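What follows is a single structure, written as structure tokens, with notes after it.
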Amino acid sequence: MNAHELAWKWEAHLPLVTDLAKQASLIRRLTAKLAKPEGYEGLKKVERDLDKLAATSCPDAELQAATQQLVAEVRAWLDLEWDRRRLAVGQELIAAFDDAGIPLEERGGALYRFPLTIHLDPRTDSASLLHAGEVANEKRIPLATQRVFAAWDATRAQLARNQTDPDLMVGLLEAAYNEQLAVEAKPAGARVRLPDLHFRAFVHRQTAAVRKDPRKGRVKPYPRYQFAWDLGLLLAQDEPVTTRSGLRIELIEASESASRSAATSLLVEHQDGRVVSYGALRIL
């Protein structure tokens with residue numbers, strides 16, 4: 001066997017040795033990080049290295065199986081650590097809200113205080129605020145107690161500041177309803193889908209300047225969560241909601257299948273905290 005043949009054999013063996021060295025390096029790094037997984041950055045580094053290790057292969061089948069078993073065990077531990085971090089931040093938030101005289105309620109892994117649900121996501125180190133199932137915060141909220149509290153307070157105030165007066169809302173719904181009936185060629189009193197009415201209401205809220213030149217900077221937003229808030233405010237009236245001519249505005253609950261899609265339903269949160277999925281509206 002000559003030198004060229006020997007070199008070829010070593011070169012063929014090199015990828016296996018390289019993969020093994022790469023795997024060993026990742027395991028060493030993981031070992032060091034697992035010894036001190038402090039905070040969000042520490043856990044994310046462990047998660048990134050786990051992903052890399054899971055993607056590597058080892059020429060030795062027994063060693064490969066043992067490595068993958070360790071990867072699975074560390075992932076299970078990591079899931080528990082993420083959950084522990086979520087619970088810890090949640091307890092801090094509960095204490096902060098209590099100090100402000102605003103007790104929070106725990107609902108299915110999230111925190112709630114009318115009109116907003118607080119979802120904590122330790123994997124992205126952020127929180128989100130939802131009203132009636134719709135994300136109501138426009139900017140990222142860092143997973144820090146005071147930042148989440150401030151965002152909740154500001155978003156709650158924004159909902160109230162941008163709300164539509166119930167009398168104006170009645171007129172808005174009536175105009176949107178009549179337009180949608182005409183578009184769908186339906187008779188008076190027929191049902192129309194609530195998401196379609198939301199779009200019509202959005203158009204009606206625009207200024208004359210926007211209708212003339214609908215540039216992005218001029219358009220007045222009317223997100224689903226604000227529409228849901230306005231409907232909840234309207235439904236809070238003691239008497240049935242009626243138009244100026246005395247016709248009754250009726251919201252119709254969505255069927256189970258319709259409630260699964262944002263195109264066919266809209267969640268509305270009532271003042272007592274009930275959240276109802278409505279699919280259609282009609283005026284009788």
Side-chain angles (χ1 to χ4, degrees), residues 104-119 128-138 151-181 184 186 189-205 220-244 247-284:
L104 287 174
E105 175 186 337
E106 295 188 61
R107 285 190 177 183
L111 298 172
Y112 173 79
R113 173 70 183 206
F114 182 82
L116 297 164
T117 298
I118 306 170
H119 278 279
S128 55
L129 301 173
L130 280 72
H131 174 69
E134 303 287 337
V135 177
N137 57 288
E138 296 178 359
W152 176 88
D153 196 40
T155 305
R156 178 188 60 166
Q158 176 183 289
L159 279 169
R161 183 170 60 251
N162 294 336
Q163 70 188 26
T164 305
D165 179 83
D167 287 339
L168 293 176
M169 189 65 178
V170 166
L172 189 65
L173 287 176
E174 186 176 20
Y177 175 77
N178 289 332
E179 279 187 5
Q180 195 63 31
L181 284 181
E184 298 182 33
K186 288 183 175 180
R191 299 182 180 191
V192 297
R193 292 193 304 186
L194 204 53
D196 292 335
L197 285 186
H198 170 226
F199 175 73
R200 296 282 165 195
F202 158 75
V203 172
H204 272 275
R205 284 168 58 94
K220 184 179 180 181
Y222 194 36
R224 281 170 63 94
Y225 63 81
Q226 189 67 53
F227 183 56
W229 168 270
D230 289 344
L231 286 174
L233 193 67
L234 190 63
L235 293 174
Q237 297 183 146
D238 294 333
E239 298 178 1
V241 179
T242 58
T243 65
R244 292 180 180 85
L247 295 176
R248 178 167 51 88
I249 296 177
E250 180 185 358
L251 281 173
I252 301 160
E253 290 192 29
S255 65
E256 185 178 349
S257 59
S259 64
R260 299 192 192 107
S261 171
T264 53
S265 66
L266 181 84
L267 290 176
V268 176
E269 186 164 350
H270 291 252
Q271 298 293 311
D272 59 7
R274 289 181 303 117
V275 179
V276 180
S277 178
Y278 291 105
L281 179 147
R282 63 183 174 187
I283 298 178
L284 302 169

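The shown structure was predicted, so the numbers you read here are calculated from the model rather than taken from an experiment. Computed from heavy atoms alone, side chains included, the values below leave out hydrogens, waters and symmetry copies. Residues: numbered from 1 along the sequence shown.
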Subject >> Test log, rule side-chain contact (heavy atoms from CB on, under 4.5 Å), inputs L231 and L194 >> reply: CA-CA 11 Å; L231 286 174; L194 204 53; 4.0 Å; yes

For [X], enumerate each residue passing the side-chain hydrogen bond (donor to acceptor under 3.5 Å, both in side chains) test, keeping only those at least two apart in sequence or located in another chain.
X: S255; answer: S257
X: T242; answer: none
X: S277; answer: none
X: R274; answer: H270, D272

Side chain to side chain contact (heavy atoms under 4.5 Å, CB included) with [X]: which residues, sequence neighbours excluded?
X: R193; value: P195, D196, T264
X: E179; value: R200, H204
X: Q158; value: R161, N162, Y225
X: R113; value: I102, P103, L104, W152

Of all heavy-atom pairs between [X] and [Y], which one has the smallest distance, and what is that distance?
X: V170; Y: V241; value: CG2-CG1, 3.8 Å
X: F227; Y: A201; value: CE1-CB, 4.4 Å
X: V268; Y: A228; value: CG1-O, 3.8 Å
X: R156; Y: P115; value: CG-CD, 3.7 Å
X: Q237; Y: P166; value: OE1-CB, 3.5 Å
X: T117; Y: A110; value: CG2-CB, 3.7 Å

Original post:
Between the main-chain N or O of L159 and the side-chain N or O of Q226, is there a donor-acceptor pair closer than 3.5 Å?
Top reply: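 It does hold such a pair.
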
Subject >> H198 side chain to Y222 backbone, donor-acceptor under 3.5 Å >> reply: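 At least one qualifying donor-acceptor pair exists.
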
If the condition is salt bridge (Lys or Arg N to Asp or Glu O under 4.0 Å), which residues does [X] pass it with, not counting sequence neighbours?
X: D165; value: none
X: E256; value: R260
X: E253; value: none

Measure the spacing between [atom1] of [X] and [atom2] of [Y] and express it to the nearest 0.5 Å.
X: I118; Y: L130; atom1: CD1; atom2: CG; result: 10.5 Å
X: N137; Y: L116; atom1: CG; atom2: CG; result: 9.0 Å
X: L251; Y: L266; atom1: CG; atom2: CG; result: 9.0 Å
X: R107; Y: H119; atom1: CZ; atom2: NE2; result: 10.5 Å
X: L235; Y: M169; atom1: CG; atom2: CE; result: 9.0 Å
X: E174; Y: L197; atom1: CD; atom2: CG; result: 12.0 Å

**OP:** Give the C-alpha distance, both sets of side-chain angles, the deciding distance and a yes or no for side-chain contact (heavy atoms from CB on, under 4.5 Å) between E106 and L111.
**Re:** CA-CA 5 Å; E106 295 188 61; L111 298 172; 3.7 Å; yes

Original post:
Can you find a heavy atom in the side chain of R191 that is under 4.5 Å from one in the side chain of I252?
Top reply: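 With C-beta onward as the side chain, the pair touches.
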
**OP:** Answer whether the closest heavy-atom distance between the side chains of E134 and P223 falls below 4.5 Å.
**Re:**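 The answer is no, as the side chains (C-beta and beyond) never meet within the 4.5 Å cut-off.
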
Original post:
What residues, two or more places apart in sequence or in another chain, satisfy ring pair (Phe, Tyr, Trp, His ring centres under 6.0 Å) together with Y177?
Top reply: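 Not a single residue meets the ring pair (Phe, Tyr, Trp, His ring centres under 6.0 Å) criterion with Y177.
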
Original post:
Any chance the side chains of D230 and T164 put a donor and an acceptor closer than 3.5 Å?
Top reply: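 Present: a donor and an acceptor within the cut-off.
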
Original post:
Should we count CZ of F114 as having more than 12 external heavy atoms under 6.0 Å?
Top reply: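 Result for CZ/F114: enclosed.
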
